[in-house]
Amino acid sequence: MSILIETEREGTLRQRIVFNDHEALYADAPISAGGEESAPDPHDYFDISLATCKALTVVMYARKKEMPLDGVSIRVTRDSSDERDGRYRLQVDIGLIGDLSAQARDRLLEVADQCPIHKLMTSGQIEIDTHAHLGGA
């Protein structure tokens with residue numbers, strides 16, 4: 001898998017994101033940082049990846065176990081006020097839609113915390129090697 005990010009227009013912070021054969025996504029910075037706030041910023045995508053992974057993980061588990069889960073609703077609330085001190089807090093509220101027992105709901109909440117992105121964000125070790133090259137990607 002490869003992701004290509006390119007500045008959409010000279011003089012702006014807006015970036016075009018292309019990966020595999022998917023339609024392009026966009027990212028921008030908030031107005032307070034000099035962007036146009038025309039698309040999610042990188043923190044938004046970080047938070048979105050957690051919510052999406054939890055949703056997919058819960059739905060896949062419920063399917064596998066043949067639980068009567070009709071859908072999920074996930075809201076992520078960010079507190080980045082202490083980010084400069086190394087603390088980034090995300091509150092995740094999950095709505096489980098369907099005729100589920102209390103035991104099934106509890107199990108699905110446990111499963112949500114076992115999604116790969118949650119594990120990566122909380123206990124994974126990530127290594128990043130950045131290299132410069134001339135011209136476009």
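Bear in mind that the values here come from a model prediction, so they are computed numbers and not experimental data. Residues take their numbers from the sequence shown, with the count starting at 1.
- Side-chain contact between Thr52 and Lys54: absent, with no pair of heavy atoms (C-beta onward) separated by less than 4.5 Å.
- In this structure, Tyr88 and Asp82 have side chains that are not in contact, with every pair of non-hydrogen atoms separated by 4.5 Å or more.
- Clustering ILVMFWY residues whenever any of their side-chain heavy atoms sit less than 4.5 angstrom apart, transitively, puts Ile48 in a cluster other than the one holding Met121.
- Note: Asp106 CG to Leu96 CG = 9.5 Å, rounded to the nearest 0.5 Å.
- Of the charged side-chain nitrogens involved, none lies within less than 4.0 Å of a carboxylate oxygen, so that Glu37 and Arg14 do not count as a salt-bridged pair.
- The two residues Pro68 and Asp99 make their nearest non-hydrogen contact at CG-O, 3.1 Å.
- With hydrogens and angles ignored, the 3.5 Å screen pairs a side-chain donor or acceptor of Asp28 with a backbone N or O of Ser38.
- With contacts defined as side-chain heavy-atom distances shorter than 4.5 Å, the pair Asp41/Pro30 qualifies.
- Under a cut-off of 6.0 angstrom, the local environment of CZ in Arg9 is crowded, with over 12 non-hydrogen atoms contributed by other residues, nucleotides or ligands.
- Side-chain contact between Gln114 and Tyr61 is absent, with no heavy-atom pair separated by less than 4.5 Å.
- When side chains are defined from C-beta on, Arg89 does not count as touching Ser80, because their heavy atoms never get closer than 4.5 Å.
- Across all their heavy atoms, Tyr45 and Ala27 have their closest contact at CE1-CB, 3.9 Å.
- Under the 4.0 Å criterion applied to side-chain N and carboxylate O atoms, Arg16 and Glu8 are not assigned as salt-bridge partners.
- With respect to Asp79 and Arg87, no salt bridge is recorded, no charged nitrogen being found less than 4.0 Å from a carboxylate O.
- Leu109 pairs in a side chain to side chain contact (heavy atoms under 4.5 Å, CB included) with only one of the listed residues (Ile94, Val92, Val58), which is Ile94.
- Side-chain contact between His118 and Leu50: present, with at least one pair of heavy atoms (C-beta onward) separated by less than 4.5 Å.
- A heavy-atom distance below 4.5 Å is found between the side chains of Pro116 and Thr57.
- Put simply, the side chain of Ser101 gets close to the backbone of Ala104: a donor and an acceptor are under 3.5 Å apart.
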**OP:** Go through the steps to decide whether Gln15 and Thr7 satisfy the test side-chain hydrogen bond (donor to acceptor under 3.5 Å, both in side chains), and finish with yes or no.
**Re:** CA-CA 4 Å; Gln15 303 296 309; Thr7 301; 3.2 Å; yes
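- The side-chain heavy atoms of Arg75 and Thr77, taken from C-beta on, include a pair separated by under 4.5 Å.
- Distance check: Ile117 CD1 to Leu56 CG gives 10.0 Å after rounding to the nearest 0.5 Å.
- Contact detail for Leu13 and Ala33: the closest heavy-atom pair is CD1-O, 3.7 Å.
- Note that CD1 of Ile5 is 8.5 Å distant from CG of Leu25, once rounded to the nearest 0.5 Å.
- Ionic pairing of Asp44 and Arg78 is present here: one or more N-O contacts between side-chain nitrogen and carboxylate oxygen are shorter than 4.0 angstrom.
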Subject >> His43/Phe46 under ring pair (Phe, Tyr, Trp, His ring centres under 6.0 Å): CA gap, chis, key distance, verdict >> reply: CA-CA 5 Å; His43 284 86; Phe46 184 81; 7.5 Å; no
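- Atom CD of Glu23 and atom CD1 of Ile17 lie 13.5 Å apart (nearest 0.5 Å).
- Of the inter-residue distances, the one linking Leu69 atom CG with Leu108 atom CG reads 6.0 Å to the nearest 0.5 angstrom.
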